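Report on the structure given below.
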Amino acid sequence: MPQVRKSEEISGWLFMLPFAISMMLFFVYAIVRTAYFSVTDFDLFQAPTFVGLSNYLTLLSDPLFLTALGNTIGFSLVVTTAQTILALLLSVLVNQAVRGKGFVRTVFYLPCIMSSAAMTLIFLWLFQRDGLITGFVQFLVNYRLYVLLFLACLAFAQGALVLNASRKYDGISNVDPFFLLIALTVAIGATILSAFWQPLPIYEETFLISWLNTQQRFLFMPTTLWSVAMMNIFTTMPTLMLLFLAGLQSIPHALYEAAEIDGANAFQRFRYITVPALRPVTFAVVTMGIIGTLQMFDQVAILGDAAPLSSRITLAYYIFENAFPAGASSRIGVASAAALILGALTIAVVYVQKIIGVKERLD
Amino acid sequence: MFIRMAAAFATAAMVAWPATCKETVRISGWGGSEVAIVNGLLTNVLADKLSTAGISVTYEPVDGDFSQFILNGLSAGTAPDLFYTDIFWARSIFSAGQAMPINSDVSDFSPNLIEAFTYKGTLLSLPKDFNTLAVHFNKDIFDDAGVAYPSDDDTWATLEQKLVAVHKALPEVDGLCIVPEYARFGAFALATGWQPFDVDGKTVFDDDFRRAFEFYTGLVKSGAAIMAADVGQSWSGGCLASERAAIAIEGAWILGVLRDSAPNLNFGTVRMPRDPISGKRGNIVFTVGWTVNAGSRVAKAAQMVAELLTSEEAQQWVLEQGLALPSRKGLVDNVWLNGDQPEQKSSRVVFDGLSDDHVMPYFFGDIGGSWMQPINAAINSVMLGETDVNSALAAAQARVDQLHAK
């Protein structure tokens, strides 16, 4: 018996060996080297010279580093929160689609299969000052009264249909999808008709909105990073939606049926069955989101000179800027110190979220 | 008998050495159109000379970030024997001792290009070619607007008046697509006599700088220019090629773009306008050199390749293909350069830009490209109307002081 156990143990270690070697080479060795470089002055060519903690002190006195730190935390907070909530809602929506479920999932997943570079370039075009997104905002503002009219028609038609049906049947949802479709058609028709007749004024305001190329801030983050956040949410949400979808498939349908018999409405079923049952998936999604957003680099790098540095810089980009500064010698020591701070920050935030955020296990 | 045969064999082998035992020199530069230029040079112009010298050359073009490729290669010991060095990041290679000193006769090269690649008194790169800024304009737009063409005698003020007049006459056309970058604005700042680094090595945004700054950022407000980003462009050349703007302030690199995307454009080129107060022109030199890797095992052969690639014969071929401007001043009298075709005239104007009153290479000492960021941010914020000139310049001065203090 001990012989068998020993041979199993050896097999286990043998299976682990390739992963362990790659971990040692590309992770442990890299961290040790980075830690060493972080206390040296090193330009890639001359031998590193020991400088103690001065690289860390340099970071603390560099306004650009503090900007990058603030931007990174803000970006992580916004994107992780938004993409988790939206992915959850989207997965519930996709899960409910009866016909063409596969098609709907594919459509929603499409942004994920595009390369980050291609998506960023498309968004660069959309975010031009006179680009499509500005045009959409301009349309909303210029036709604001018609937008209000549309919303009012939609609410009125849906309300009327639900009220009428609830007199005959029980359990009609306020957002019944069939009624919603009819209400939507009515609202669109009424709005288009009124636009032809023009009982309401159409404003003629021309905007040039700087989404990317600006130093303006909105709340706690530069406007540029808000735009990058929108782009990031759009591209990462589909993957997270798939994770939630897998989680949704594992929830027993009997729970929903029992809740329905007990009189729970759709929101109550979502709040008291779906959300708690998806807690382990949510934990994984939030953790992945935090790690991914704290290390945000590619979209910011591709933006390049399309936006001012201080408006787009993140910690990962700050590290790159110091490792390969344009037209100057590499500052590997400073870059390494910043990389270690980013690593420590990532571990700390994930740990804090584990303690006070979404719990890993079901209650 | 055996000894005689061995000696004869050894002699034959030595005679045949250059032909059979070639030294291979790895050279590296940009991808894109450069591949055709370098391969054209190696096969059409220099093949015999390289063969006689017993050198074979392999060209490794790089399409991504070339400076990063070279820095990584040099630090890892895998860099090519001979490679392009842009003046913008040359300092990071030179100060790290990665470049072999150039011992060739460089008396025929333009002195300010040689000076640009000289570090602590030693020439470390052989200038390959260069560019300066010039005013390229669409003749048809000026004709349609009934406005006089830009000329070599223009000052900032007269050029601005012409651009405003064009926009007034043809509202769908803007005078210039302006970019908020030192790479273009710098020529105006230098024209005032302002120095990027004063005698103490510090950068001070003085009254001269402010004057150029107010003029450049004011072009949008006066109706003479529009921000390139507002019309979906990233540079002024894109606007000229699409006939959205009447002029573009660019180097001779615009010629290739016009050849490809606007072959029928009726264009002309004139020198950069003068500062109306100082009466001087400013310009920025963008140049690239060939650098021999200090760690190369075939350094002598690499240096010979660099000399051949920048020889008068090679530069004349490149020039006559309309691909780049020669770094040798001897070629100023070249027949092609003195021709009457628009491309030839344009190249000549860009060539002449090298002798403008205040010319500075596109490089910023040990600070590197970070030096420009505060200036670019200041230009951008003023042009967007997010801040005024006083606040923008004060913020830029504070940031550049921090960079100097590092």
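A quick note: this is a predicted structure, and the numbers were derived from the prediction, not measured. So you know, we letter chains A, B, ... as the sequences are listed, proteins then strands, and number each from 1.
- Ring centers of B:F188 and B:F209: at least 6.0 Å apart, outside the cut-off.
- At a 4.5 Å heavy-atom cutoff, the contact between A:L44 and chain B is made by backbone and side-chain atoms alike.
- The contact between B:S95 and chain A is made by backbone and side chain atoms together, counting heavy-atom distances below 4.5 Å.
- With a 4.5 angstrom heavy-atom cutoff, B:N376 does not touch chain A via any of its atoms.
- Less than 6.0 angstrom separates the ring centroid of B:W371 from the ring centroid of B:F197.
- In this structure, B:W253 has its ring center closer than 6.0 angstrom to the ring center of B:F286.
- Judged by the 6.0 Å and 45° rule, B:R91 forms no cation-pi pair with B:Y119.
- Looking at A:F320, only its side chain comes within 4.5 Å of chain B, counting heavy atoms on both sides.
- Only the side chain of A:P308 comes within contact range of chain B, with heavy atoms under 4.5 Å apart.
- Centroid-to-centroid, the aromatic rings of A:F220 and A:W226 come within less than 6.0 Å.
- One N or O on the side chain of A:N71 and one on the backbone of A:I313 form a donor-acceptor pair closer than 3.5 Å.
- Side-chain N or O atoms of B:S75 include one that pairs as donor or acceptor with a backbone N or O of B:L71 at under 3.5 Å.
- Ranked by non-hydrogen atom pairs under 4.5 Å with chain A, the options B:A90, B:P180, B:G365, B:S92 are led by B:S92.
- Looking at residues two or more places apart in sequence or on another chain, you find a side-chain hydrogen bond (donor to acceptor under 3.5 Å, both in side chains) between A:T134 and A:W211.
- Looking at B:S261, its side chain never comes within 3.5 Å of a backbone N or O of B:A241 through a donor-acceptor pair.
- Heavy atoms of B:L74 lying under 4.5 Å from chain A belong to its backbone as well as its side chain.
- The residue among B:V179, B:I93, B:N72, B:I87 with the most heavy atom pairs within less than 4.5 Å of chain A is B:N72.
- Heavy atoms closer than 4.5 Å to chain A are found in both the backbone and the side chain of B:F88.
- Contact annotation for residues 53-68 of chain A against chain B (heavy-atom separation below 4.5 Å, listed by residue number): A:D62, A:P63, A:L64.
- For the set B:E181, B:Q68, B:R399, B:M227, the entry with the most heavy-atom pairs within less than 4.5 Å of chain A is B:Q68.
- Between A:E321 and A:R331, no side-chain nitrogen of the basic residue sits less than 4.0 Å from a carboxylate oxygen of the acidic one, so the salt-bridge criterion is not met.
- When heavy atoms are compared at a cutoff of 4.5 Å, A:Q46 approaches chain B solely by way of its side chain, counted from C-beta outward.
- Heavy atoms closer than 4.5 Å to chain A are found nowhere in B:D86, neither backbone nor side chain.
- For B:M372, no part lies near chain A; criterion is any non-hydrogen pair under 4.5 Å.
- Side chain of A:Q215 to backbone of B:A377: a donor-acceptor contact under 3.5 angstrom is found.
- Geometrically, B:K128 engages B:Y84 in a cation-pi contact defined by less than 6.0 Å to the ring centre and at most 45° from the axis.
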